[in-house]
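Per chain, numbering begins at 1; letters A, B, ... match sequence-line order.
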Protein chains: 2
Amino acid sequence: MTTTAEQSRSQTGEAYHALRGAIVSGALAAGARLSPADLSTKFGFGPTPIREALARLSAENLALAIEQRGFRVAPLSGVELRELLDLRLGFEREAMFRSMREGGDVWEAGVVAAHHLLMLSAPPHPGSLPAERELWGQRHDAFHLSLIAGCAAPWLKRFHRMTVDQIERYRIAILRQPDAGDARDRLTHLLSHAEHTALRDAVLSRDEARADAALSAHIRDTAEIFAAMFERYAATPGG
Amino acid sequence: MTTTAEQSRSQTGEAYHALRGAIVSGALAAGARLSPADLSTKFGFGPTPIREALARLSAENLALAIEQRGFRVAPLSGVELRELLDLRLGFEREAMFRSMREGGDVWEAGVVAAHHLLMLSAPPHPGSLPAERELWGQRHDAFHLSLIAGCAAPWLKRFHRMTVDQIERYRIAILRQPDAGDARDRLTHLLSHAEHTALRDAVLSRDEARADAALSAHIRDTAEIFAAMFERYAATPGG
DNA sequence: ATTCAATAAAAAATCGATTTTTTTAACTCA
DNA sequence: TGAGTTAAAAAAATCGATTTTTTATTGAAT
């Protein structure tokens, strides 16, 4: 009845989500050509819905439209990653502050719930299964979203989401590297239970300074490792 | 050879620019239906390019796409305007600071040139002609753009441009009001030569505190009047 | 051997018709 | 009278073919 799959029944909507997923997940590699004819046969949509989906994706800068020369997957670059990480931190800080000021009971409950779920999920470690990593990742994202869910600022949230989605592309591309294992674990080790609990407590007690410190450190540390890992990624031939 | 008109030869590109202009200028009013068939005959493009243009516009939130129910011009709202003005100031401050740090000779020359052109154009006053207002408006926008042109931050600039474009819709809608005259002149009076010159000098001398004060006051004053004018606009029946 | 032009192939963009979905209107039955 | 149902009209979405533009190839001339 209220399945998510049913929300977008149109071919265009389906094509959009399929292509978006393929780009973010790296199934369609950065810089790859996006020929409507090819994608049409590959994904099983007509050329028209594909084209319309590509138009939307290029407006979000996930694809690149060159007039009379078709579409390509937007390329990845180290300087862009730096900027995106910076902007993301800025948006998330701002939205978190506003949530701390405007958010009510329901928002607080959402934060507590998201935190609880995150705690119940084992953080990734060298031997953890993909499904476990996946679940933890989802809950981690959900926790961060819960922190900023308390404020009504549609544009701020839109911009935040745009940076998050772009960064996700980089994350997946980087972690695909064969030797990414140790760096990945170094990364997720930073995102420890303690840090998240500190963040939750600071936010709920409306302690802006403490929340700011916690979030900034949290994101800046990961940003540092991220950017460094991308440099290595970009240096490899297959990258 | 290098005309701007020739850069987008495709029907889709033309349709996109035409529709975008019509929405921003208010020729297509907020909330109005955007039926591909109607627009097709009205603007002289096929339904396919129109549809693709609408897809792009809805990704930028100038249009609204509702699955199986077509497109509409995005509505205007007072709270949204407030948020957009806030974000715009934030982006412009940040980009200005970065330009002051990263910008070189060429950037400085651009600022001086844009300022000079603005000074040579008469600021709008009760009796000025539309063409004069238009020219001054263009030069005013160009001056502000020149202030942030010195830094390489594509995403920051993209976000800034998105807010500026959205705010432009509000500006035009508000100033269309029959009794907007006096408020408009009160508005443009704020944007005096003195303020702009102060801004230029602060920026060129790399005085961040002074530049910040000048820009913040400049934008916040206009934002205040803007928001107040929109409340009146929204209250009128025809609005 | 290299540049240029002409041609052929491929790909992108566009059109007009068809299909699907939503909206409107009329109608029946309680 | 009013709620629910069905049929007709309108509009959105999609398809497949056609047109236009770009890219690759070939051959001739310098």
d([atom1], [X]; [atom2], [N]) in whole Å:
X: B:Q68; N: C:dT19; atom1: CD; atom2: C1'; result: 12 Å
X: A:R72; N: C:dA11; atom1: CZ; atom2: P; result: 13 Å
X: B:E52; N: D:dC15; atom1: CD; atom2: P; result: 15 Å
X: A:E14; N: C:dT21; atom1: CD; atom2: P; result: 12 Å
X: B:Y16; N: C:dT14; atom1: OH; atom2: P; result: 15 Å
X: B:I50; N: D:dT14; atom1: CD1; atom2: P; result: 17 Å
X: A:E67; N: C:dA12; atom1: CD; atom2: C1'; result: 11 Å

Which one, [options], comes nearest to the side chain of [X]?
X: A:Q11; options: C:dT14, D:dC15, D:dT21; value: D:dC15
X: A:R9; options: C:dA12, C:dC15, C:dT22; value: C:dT22
X: A:R69; options: D:dT23, D:dA12, C:dA12; value: D:dT23
X: B:R33; options: D:dA12, D:dT14, C:dT14; value: D:dA12

**Request:** Assign each of A:T48 and A:G70 to its nearest nucleotide of DNA chain C by heavy atoms, then name whichever residue's nucleotide is nearer the 5' end.
**Result:**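 Checking each residue's closest nucleotide, the 5'-ward one belongs to A:G70.
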
**Request:** Inspect the contact between B:E60 and B:R56 and indicate whether a charged nitrogen and a carboxylate oxygen are less than 4.0 angstrom apart.
**Result:**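 Judged by the 4.0 Å cut-off on N to carboxylate O distance, B:R56 and B:E60 do not form a salt bridge.
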
**Message:** Less than 3.5 Å apart, any donor N or O on the side chain of B:S10 or A:E67 sitting next to an acceptor on the other?
**Reply:** yes

**Message:** With no hydrogens and no angle check, just 3.5 Å: does a side-chain donor-acceptor pair link B:Y170 and B:E80?
**Reply:** yes

**Asked** Stepwise, does the salt bridge (charged side-chain N to carboxylate O under 4.0 Å, His left out) test hold for B:D38 with B:R33?
**Response** CA-CA 9 Å; B:D38 292 356; B:R33 298 191 34 156; over 6 Å; no

**Complete:** Nearest-nucleotide check on DNA chain D, A:G44 vs B:P36; residue mapping nearer the 5' end is B:P36

**Item:** Phosphate OP1/OP2 of C:dA12: any B:S10 side-chain N/O under 4.0 Å
**Value:** no

**Request:** Test the A:R139-A:W136 pair against the cation-pi criterion, namely NZ or CZ under 6.0 angstrom from the six-membered ring centroid and within 45° of the ring axis.
**Result:**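 No, A:R139 does not sit over the ring of A:W136.
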
